[in-house]
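Data first, discussion second: the structure below is written as structure tokens.
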Amino acid sequence: MPAAHQLAVVENLQVHFFGGAHPVRAVDGVSFDIAEGETVALVGESGCGKSVTALALARLVPQPPGRYAGGRVLLAGRNVLEMSASELRTLRGREIAYIFQEPGSALNPVFTIGWQIREAIRLHRPEAGAQAEALAMLRLVGLPEPEKRLHAYPHELSGGQQQRVMIAMALACRPKLLVADEPTTALDVTIQAQILELLRNLQQQLGMALLLITHNLGLVAETAHRVFVMYAGRMVESGVTADVLAAPRHPYTRALLAAVPRLEGCEGRLKAIEGHVPNPADWPTGCKFHPRCAWARARCRVEEPAWELAEGRGTRCFFWQELLAQPNAATDH
């Protein structure tokens, strides 16, 4: 995307946590960008650093135990990591808003739904009529009987209704960037589809950018323009979603695709990724994925691959060209 159209730019972001013998390098040099109105997906297993990266966009990682050890986060041209407390209060909600994966935990149980939405409006859009705007937002997200729901408490709503309230709260301030961190994890399949369709429609109506944090590649295929695959605190692959899913260049991306369950053409057991994400306090030497990689060679164990850009695709692997010549992971099983 041309620089003029970039809404958010993350450059070599490093977020460490302290408290033990060694610093925990949760985010270890991450770079990516989001254009105005674009949907970008950040994909990887739990423990890869996705959520910490997302929180760092609005400097929400608590200090201590966290520390922003390096890099920049530019939102509309301003470095978030250098903002004052008052600037951050203006930024959060108005410029960037969040939807979290467990709305039952994110909503305050002692206040009504209407009170919580009105609070966000009063803080960031004092010129708007809070009561009328709160009602309009509940209608916008398709919550049934919105007048009644304004007076309800979170425990009186279903999980899908709570998630719609979270979306209404996030959108009430008209943010330029909406960060959705596993927004459908706690919901059943039918409600997941409804929430995703709602997000797509609202994004088109309001013209905002969307950063989707997920481990669900099926969701990414339906939603995102571009995808960034993250492993062990670093990006390992990026590109246009259709290109990455059709021809993955990194063994980790291929392994994630092979683990996706399918209704047809799948015989035997699912292909799980052996092992687990390494401890961020003690990353492996060389390529961080090599202990779990079937393609690993001697070089991978001692030397870390550089981030290589080719044909609009980013890859962190010495042997991606050889891997690309092999059968697609999507048809491996």
Side-chain angles (χ1 to χ4, degrees), residues 12 25 27-33 40-50 53 212-262 264-280 283-333:
N12 193 33
R25 294 174 292 159
V27 179
D28 197 20
V30 163
S31 299
F32 66 98
D33 60 86
V40 169
L42 190 55
V43 177
E45 296 169 281
S46 297
C48 286
K50 308 186 302 299
T53 299
L212 181 64
I213 313 295
T214 185
H215 62 272
N216 186 336
L217 288 173
L219 187 155
V220 170
E222 298 175 6
T223 308
H225 303 122
R226 290 186 296 148
V227 59
F228 291 83
V229 182
M230 192 169 181
Y231 184 80
R234 288 201 168 186
M235 297 299 185
V236 296
E237 183 163 2
S238 71
V240 174
T241 300
D243 295 340
V244 171
L245 299 186
R249 294 184 176 183
H250 195 280
Y252 181 58
T253 310
R254 177 168 289 223
L256 288 174
L257 282 168
V260 175
R262 293 174 176 81
E264 298 179 359
C266 186
E267 299 180 359
R269 297 174 62 88
L270 289 174
K271 294 187 176 181
I273 307 176
E274 296 185 2
H276 52 82
V277 178
N279 185 343
W283 292 131
T285 58
C287 173
K288 294 182 176 66
F289 187 61
H290 86 258
R292 307 173 70 189
C293 181
W295 284 75
R297 304 175 190 179
R299 182 183 183 186
C300 304
R301 296 176 177 86
V302 296
E303 183 180 348
E304 184 170 13
W307 181 248
E308 182 177 349
L309 287 171
E311 302 170 355
R313 299 276 299 274
T315 313
R316 193 183 297 276
C317 179
F318 294 121
F319 308 108
W320 68 264
Q321 292 174 315
E322 294 180 33
L323 186 70
L324 198 59
Q326 299 301 311
N328 190 346
T331 60
D332 280 351
H333 65 298

Looking at every heavy atom in both [X] and [Y], which two are closest together, and how far apart are they?
X      : Y      : value
Arg249 : Glu237 : N-OE2, 2.9 Å
Trp283 : Arg25  : CD1-NH2, 3.0 Å
Gly314 : Leu309 : CA-CD2, 3.7 Å
Tyr252 : Cys48  : OH-SG, 3.7 Å
Val40  : Ala224 : C-CB, 4.5 Å
Ser238 : Phe228 : CB-CD2, 3.4 Å

Residues which pass side-chain hydrogen bond (donor to acceptor under 3.5 Å, both in side chains) with [X], listed by chain and number, not counting sequence neighbours:
X      : value
Lys50  : none
Trp320 : Glu308
Glu274 : none

Cation-pi check, Arg297 onto Phe318 ring (under 6.0 Å, within 45° of axis):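 No; the conditions do not both hold, so Arg297 does not lie above the ring face of Phe318.
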
Gap separating the [atom1] atom of [X] from the [atom2] atom of [Y], nearest 0.5 angstrom:
X      : Y      : atom1 : atom2 : result
Arg316 : Lys288 : CZ    : NZ    : 7.5 Å
Cys293 : Tyr231 : SG    : OH    : 9.5 Å
Leu256 : His215 : CG    : NE2   : 10.0 Å
Thr315 : Met235 : OG1   : CE    : 13.0 Å
Cys300 : Phe289 : SG    : CZ    : 11.0 Å
Thr53  : Ile213 : OG1   : CD1   : 7.5 Å

Test item: [X] and [Y] side chains (from C-beta on) under 4.5 Å apart, heavy atoms:
X      : Y      : answer
Arg292 : Val277 : yes
Glu304 : Cys287 : no
Thr241 : His225 : no
Val236 : Met230 : no

side-chain contact (heavy atoms from CB on, under 4.5 Å) assessment of Asn12 paired with Val30: CA-CA 5 Å; Asn12 193 33; Val30 163; over 6 Å; no

side-chain contact (heavy atoms from CB on, under 4.5 Å) partner of Pro248, chosen from Leu323, Leu257, Leu324: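 Answer after filtering Leu323, Leu257, Leu324: Leu257.
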
